[in-house]
Amino acid sequence: VPYGDMAGQGVDEQQDAYMRTEACILVNETDDVVGHDTKQNCHLWKMIEERGMLHRAFSVFLFNSKGELLLQQRAGSKITFPLFWTNTCCSHPLFVKEEMETNQQIGVKRAARRKLHHELGIRPEDVALDDLHFLTRIHYRAPSDGLWGEHEVDYILFMQKDVDVLPNANEVEAVRYVSAKELEKMIEEAEKTETKITPWFALIVKNFLYAWWKQLDHVLDLSDCT
């Protein structure tokens, strides 16, 4: 049931509640705010195709002190891209004042800190907003399963810190740290091993990630600050 309560249709009750009650920030192609709508409507492929619905999002890449990247496998209960492997944390700032502030991307960083705690149990006190380094934004569009999809202006945030991770089982199926070589192998063998990779992560890996990773110590120099 695309526009109603989906919990009775085999959809996880908690994920259904997020879809119906959380308000994403609608933007145009230059990332200017043009309104808001439910997370559910923003991810319905029909709405994306017919209305061009575009919303603001973020992708966090968390590295440990050894320079390994933390990946997560999305929980099977997720409505979009269940059991797909992706970067550390991917979500959306909400249509609330504190997460819409654009100065130094502070609103998106607050949202990232909130979701790192919610999805991965990383304590907010362990994530200073200055720890999150903004690199750039990407605009992408990708279907999930015919009913659902993504159309986002995605803020890329890097962070390097050793943190305690306690995944939320309703959000995350598994986590693992990988080196650049291990990720390359994982991507190369994805089809053979039937490993599913989210489209935004695949796009970032293909076009940007390895160059940034090689210069992790100088990540601030790579920021486009726009």
Using a 4.5 Å cut-off on heavy atoms from C-beta on, say whether the side chain of Leu71 contacts that of Val175. no
Might you confirm whether atom CD of Gln14 has over 12 heavy atoms from other residues, nucleotides or ligands at distances under 6.0 Å? yes
With a 6.0 Å cut-off (strictly less than), is the heavy-atom count around CD of Glu125, excluding the residue itself, greater than 12? yes
Quick one: does any side-chain atom of Asn168 pair with a main-chain N or O of His118 as donor and acceptor, under 3.5 Å? yes
State yes or no: do Tyr140 and Leu135 share one hydrophobic cluster built from I, L, V, M, F, W and Y residues joined by side-chain heavy-atom distances below 4.5 Å, directly or via other members? yes
Quick one, Leu83 and Lys196 - any side-chain contact, counting heavy atoms below 4.5 Å? yes
Hey, any chance Ile106 and Phe95 share a hydrophobic cluster, counting ILVMFWY side chains that come within less than 4.5 Å of each other, even indirectly? no
Treating Asp131 as the side-chain partner and Ala128 as the backbone partner, does any N or O pair qualify as donor plus acceptor under 3.5 Å? yes
What verdict does the side-chain contact (heavy atoms from CB on, under 4.5 Å) test give for Val127 and Met159, after you've listed the backbone C-alpha separation in whole Å, the side-chain angles of each residue and the deciding distance to 0.1 Å? CA-CA 9 Å; Val127 184; Met159 175 177 167; 3.9 Å; yes
Please find the pair of heavy atoms, one from Leu157 and one from Lys109, that lie closest to each other, and give the distance. CD2-CG, 4.4 Å
Could you tell me whether a side-chain N or O of Gln105 sits under 3.5 Å from a main-chain N or O of Phe134, the two making a donor and an acceptor? no
Working to the nearest 0.5 angstrom, can you tell me the gap between Leu132 CG and Arg113 CZ? 8.5 Å
If you count heavy atoms of other groups shown closer than 6.0 angstrom to CG of Asp164, is the number above 12? no
Should the pair Asp126-Lys161 be classified as a salt bridge under the 4.0 Å nitrogen-to-oxygen rule? no
Where Ile79 and Pro82 come nearest, the two heavy atoms and their spacing: O-CD, 4.1 Å
Cluster question for you: counting only ILVMFWY and a side-chain heavy-atom cut-off of under 4.5 Å, with indirect links fine, are Val153 and Val60 together? yes
Among Thr88, Asp162, Leu69, Leu70, whose side chain to side chain contact (heavy atoms under 4.5 Å, CB included) with Phe63 holds? Leu69
From CA spacing to verdict: side-chain contact (heavy atoms from CB on, under 4.5 Å), Met100, Val33: CA-CA 9 Å; Met100 294 176 68; Val33 177; 4.0 Å; yes
Measure the shortest side-chain to side-chain distance between Leu166 and Leu120 over non-hydrogen atoms and say whether it is less than 4.5 angstrom. no
Relative to the ring of Phe61, is the ring of Phe158 parallel (under 30°), tilted (30 to 60°) or perpendicular (over 60°)? tilted
NZ or CZ of Arg137 within 45° of Tyr155 ring axis and under 6.0 Å: yes
Considering non-hydrogen atoms only, spot the tightest contact between Ala75 and Val172 and give its length. CB-N, 3.6 Å
Between Ile156 and Ile204, which heavy-atom pair has the shortest distance, and what is it? CD1-CD1, 3.4 Å
Going from CG on Leu209 to CG on Asn87, what distance comes out if it is rounded to the nearest 0.5 angstrom? 9.0 Å
To the nearest 0.5 Å, tell me how far Lys78 NZ sits from Gln73 CD. 13.0 Å
Pairwise side-chain contact, Val165 with Ile122, heavy-atom cut-off 4.5 Å (strictly under): yes
Do Arg141 and Trp45 have side chains that approach each other closer than 4.5 Å (heavy atoms only, starting at C-beta)? yes
Roughly how far, to the nearest 0.5 Å, is NE2 of His36 from CZ of Arg56? 14.0 Å
How close do Ile197 and Ala190 get, counting heavy atoms only, and between which atoms? CG1-CB, 4.3 Å
ring-ring contact (aromatic ring centres under 6.0 Å, His included) filter on Phe201, not counting sequence neighbours, yields none
Determine, step by step, whether Glu29 and Leu54 satisfy the side-chain contact (heavy atoms from CB on, under 4.5 Å) criterion, reporting the C-alpha distance in whole Å, the side-chain angles of both residues, the deciding distance to 0.1 Å, and the verdict. CA-CA 8 Å; Glu29 292 190 358; Leu54 175 64; 4.3 Å; yes
Interatomic distance, Cys42 atom SG to Leu26 atom CG [nearest 0.5 angstrom]: 4.5 Å
Name all residues meeting the side-chain contact (heavy atoms from CB on, under 4.5 Å) criterion together with Lys185; count only those two or more places apart in sequence or in a different chain, and write none if there are none. Glu189
Going by atom types alone, do Ser91 and Arg114 pair a side-chain donor with an acceptor below 3.5 Å? no
What I want to check is whether the side chains of Thr86 and Trp200 have a donor and an acceptor closer together than 3.5 Å. yes
Please confirm whether the backbone N or O of Lys181 pairs with a side-chain atom of Glu184, one donor and one acceptor, at under 3.5 Å? no
Examine distances only and state if a side-chain atom of Asp154 and a backbone atom of Ser59 form a donor-acceptor pair shorter than 3.5 Å. yes
Is the number of heavy atoms from other residues, nucleotides or ligands within 6.0 Å of CZ (Arg51) greater than 12? no
Is there a side-chain contact between Glu68 and Val178 (heavy atoms, below 4.5 Å)? no
When you measure from the side chain of Ser77 to the backbone of Asn170, do you find a donor-acceptor pair of N or O atoms at a distance under 3.5 Å? yes
Tell me if a side-chain donor or acceptor on Asn41 pairs with a main-chain N or O of Asp37 at a distance below 3.5 Å. no
Is there a donor-acceptor contact under 3.5 Å from the side chain of Arg74 to the main chain of Phe81? yes
Using the benzene-type ring in the case of Trp, are the ring centres of Trp213 and Phe208 under 6.0 Å apart? no
Please examine the side chains of Gln160 and Leu216, heavy atoms only from C-beta on, and report whether any two atoms are closer than 4.5 Å. yes
Determine the sole option in Glu119, Arg176, Glu171 for which the side chain to side chain contact (heavy atoms under 4.5 Å, CB included) test with Gln72 is passed. Glu119
Mind checking whether Arg110 and Leu129 have side chains closer than 4.5 Å, heavy atoms only? yes
Start with the C-alpha distance between Val163 and Leu62, add both sets of side-chain angles, then the distance that settles side-chain contact (heavy atoms from CB on, under 4.5 Å), and finish with yes or no. CA-CA 9 Å; Val163 294; Leu62 171 62; 3.7 Å; yes
Let me check something: do Ile48 and Ile138 share a hydrophobic cluster, defined by ILVMFWY side-chain heavy atoms less than 4.5 Å apart, either directly or through other members? no
Can you tell me how far the CD atom of Glu152 sits from the CZ atom of Phe58, to the nearest 0.5 Å? 10.0 Å
Aromatic centroids of His92 and His55 separated by under 6.0 Å: yes
No-hydrogen, no-angle side-chain donor-acceptor test under 3.5 Å, His43 and Glu150: yes
Please name the pair of heavy atoms, one in Trp148 and one in Gln40, separated by the smallest distance, quoted to 0.1 Å. CZ3-O, 3.5 Å
